[in-house]
Number of protein chains: 2
Amino acid sequence: MRQTKRDELVEKATAIFYRNGFQATGMDRLVTETGISKTSIYKHFKTKDDLIIASLQLRDTFIRGWLFRRMEELAATPLEQLIAMFDALDEWFHQPDFHGCMFAKACSEYQDPEHPINREATDHVARISAQLAIIAGRAGLRQPSELARQLALLKEGAVVLATMGRGGTPALDAKAIAIKLINEATPGK
Amino acid sequence: MRQTKRDELVEKATAIFYRNGFQATGMDRLVTETGISKTSIYKHFKTKDDLIIASLQLRDTFIRGWLFRRMEELAATPLEQLIAMFDALDEWFHQPDFHGCMFAKACSEYQDPEHPINREATDHVARISAQLAIIAGRAGLRQPSELARQLALLKEGAVVLATMGRGGTPALDAKAIAIKLINEATPGK
DNA sequence: TATTAGGTGTACTGATCGGTAAACCATGTC
DNA sequence: GACATGGTTTACCGATCAGTACACCTAATA
């Protein structure tokens with residue numbers, strides 16, 4: 001089972017889409033930048049949209065894997081991990097190849113909620129929220145799903161400001177807010 | 001001084017760009033949907049990008065005008081107005097023509113920070129923050145500019161979740177958080 | 001009445017869009 | 001050796017892209 005070439009394509013396409021946008025990236029550009037012939041691309045994916053969806057799926061597993069692994073590396077307890085999420089975000093924002101949230105961009109470019117690309121993107125934030133709720137529950141916090149929604153809101157807001165804000169430290173701003181929310185959600189009050 | 005036709009163009013183009021995206025909207029589509037000939041369009045704007053910038057400027061004044069006017073209508077004191085912002089956002093999210101933040105989309109489609117469209121969009125969030133800081137100062141709150149940054153973060157997060165979230169009440173979630181932040185920033189403690 | 005400004009429609013440019021056709025080439029397996 | 005698999009190159013399709021050229025219309029002004 002040699003999926004090598006297909007995986008290579010999706011991996012490179014993901015980077016190009018992320019850096020360049022979806023609609024702004026033509027198939028000819030994908031050919032030249034990946035070094036993979038157009039015929040091969042269309043042998044693996046029937047349409048450009050299918051390739052975009054595969055890219056979003058790869059990015060989804062990558063980002064979630066990275067984020068929650070980094071949270072575990074930075075903190076020992078579930079409660080501290082929730083706070084550490086914003087430190088991980090801060091690291092992400094300062095990476096040279098940071099270009100905002102790929103899923104927010106996907107929703108921007110494909111607005112129709114029925115469009116499979118839009119669905120794939122909105123699924124991502126739902127998965128993040130669900131995973132945060134699990135950790136909040138593991139930490140013994142009150143109303144974990146409500147808290148998870150608030151933390152997801154803070155995360156998305158921080159990403160937007162990191163992308164659109166002139167300077168500032170949105171990750172740390174969000175962290176300060178998150179600490180207050182988490183303190184209030186601890187059963188000991 | 002008859003700016004009528006040009007204003008009509010920008011107004012209609014803004015609605016189309018907002019509903020449809022920038023790159024996804026071709027000039028020919030603008031011609032058919034506005035009823036204004038392509039020759040006229042290019043007599044007023046040298047390039048499509050120039051028209052987009054004019055649209056963003058119109059949208060900027062419209063949105064800021066609407067938001068802060070609505071805040072004043074909903075609440076009497078500056079302090080209550082800051083909280084009322086999230087009620088105004090909630091109204092916006094439930095309008096049938098809500099399609100997310102036009103400026104976030106502009107940044108998504110034109111990522112280069114040097115691109116004038118990107119600048120125009122990031123300017124918008126800076127203007128919102130500045131205006132919030134003024135109100136926070138008027139309310140006598142501590143560290144008004146820091147609070148304004150936090151409120152802007154909450155606002156942007158709420159908009160993203162309203163666009164990408166499956167259901168939920170992001171505006172009210174953000175409002176609950178904002179109330180806590182504002183309470184902590186009141187000098188009486 | 002002559003001129004000018006602002007508008008229109010039509011037709012066009014070269015480039016690029018997503019996607020396809022056909023012939024070819026290496027690899028490994030039966 | 002036959003043959004399928006997975007890849008390549010090259011050329012092409014019709015449609016659409018942003019933007020232009022040109023001739024024409026109309027209304028206000030001088």
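Just so we're on the same page: letters track the sequence lines, and every chain starts at 1.
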inquiry  = Between P on dG7(D) and CG on Asp7(A), what's the gap in Å once rounded to a whole number?
reply    = 11 Å
ask   = Does any non-hydrogen side-chain atom of Phe45(A) lie less than 4.5 Å from one of Ile53(A)?
value = no
query = When rounded to the nearest 0.5 angstrom, what is the spacing between CE in Met27(A) and OG1 in Thr47(A)?
reply = 8.5 Å
ask   = Going by heavy atoms closer than 4.0 Å, what residues in residues 105-119 of chain B are next to DNA chain C?
value = none
query = Starting at CG of Asp28(A) and ending at P of dC17(C), how long is that distance when rounded to a whole Å?
reply = 6 Å
Rounded distance in Å - CD1 (Ile52(A)) to P (dC17(C)) = 13 Å
Thr14(B) and Glu11(B): side chain donor to acceptor below 3.5 Å = no
ask   = Once you round it to whole Å, what is the distance between C1' of dG19(D) and CG of Asp50(B)?
value = 13 Å
task = Can you tell me the distance, in whole Å, between the CG atom of Asn20(A) and the P atom of dC17(C)?
result = 11 Å
ask   = Is any NZ, NE, NH1 or NH2 atom of the basic residue among Arg69(B) and Glu72(B) found under 4.0 Å from an Asp or Glu carboxylate oxygen of the other?
value = no
inquiry  = With rounding to the nearest 0.5 angstrom, report the OH to CG distance, Tyr110(B) to Asp112(B).
reply    = 12.5 Å
request  = For Lys105(B) and His99(B), indicate whether the former's side chain and the latter's backbone hold a donor-acceptor pair under 3.5 Å.
outcome  = yes
Sub-4.0 Å heavy-atom contacts from residues 36-46 of chain A onto DNA chain D, ordered by number = Ile36(A), Ser37(A), Thr39(A), Ser40(A), Lys43(A), His44(A)
query = To the nearest angstrom, how far is Gln23(A) atom CD from dA18(D) atom C1'?
reply = 16 Å
query = Which heavy-atom pair separates Ala121(A) from Cys107(A) by the least distance, and what is that distance?
reply = CB-SG, 3.6 Å
query = Do Glu33(B) and Lys12(B) pass the side chain to side chain contact (heavy atoms under 4.5 Å, CB included) test, and can you show the C-alpha distance, the side-chain angles, and the key distance before you say yes or no?
reply = CA-CA 8 Å; Glu33(B) 287 204 30; Lys12(B) 290 184 175 176; over 6 Å; no
inquiry  = Nearest whole Å is fine: how far is dT8(D) C1' from Glu8(A) CD?
reply    = 14 Å
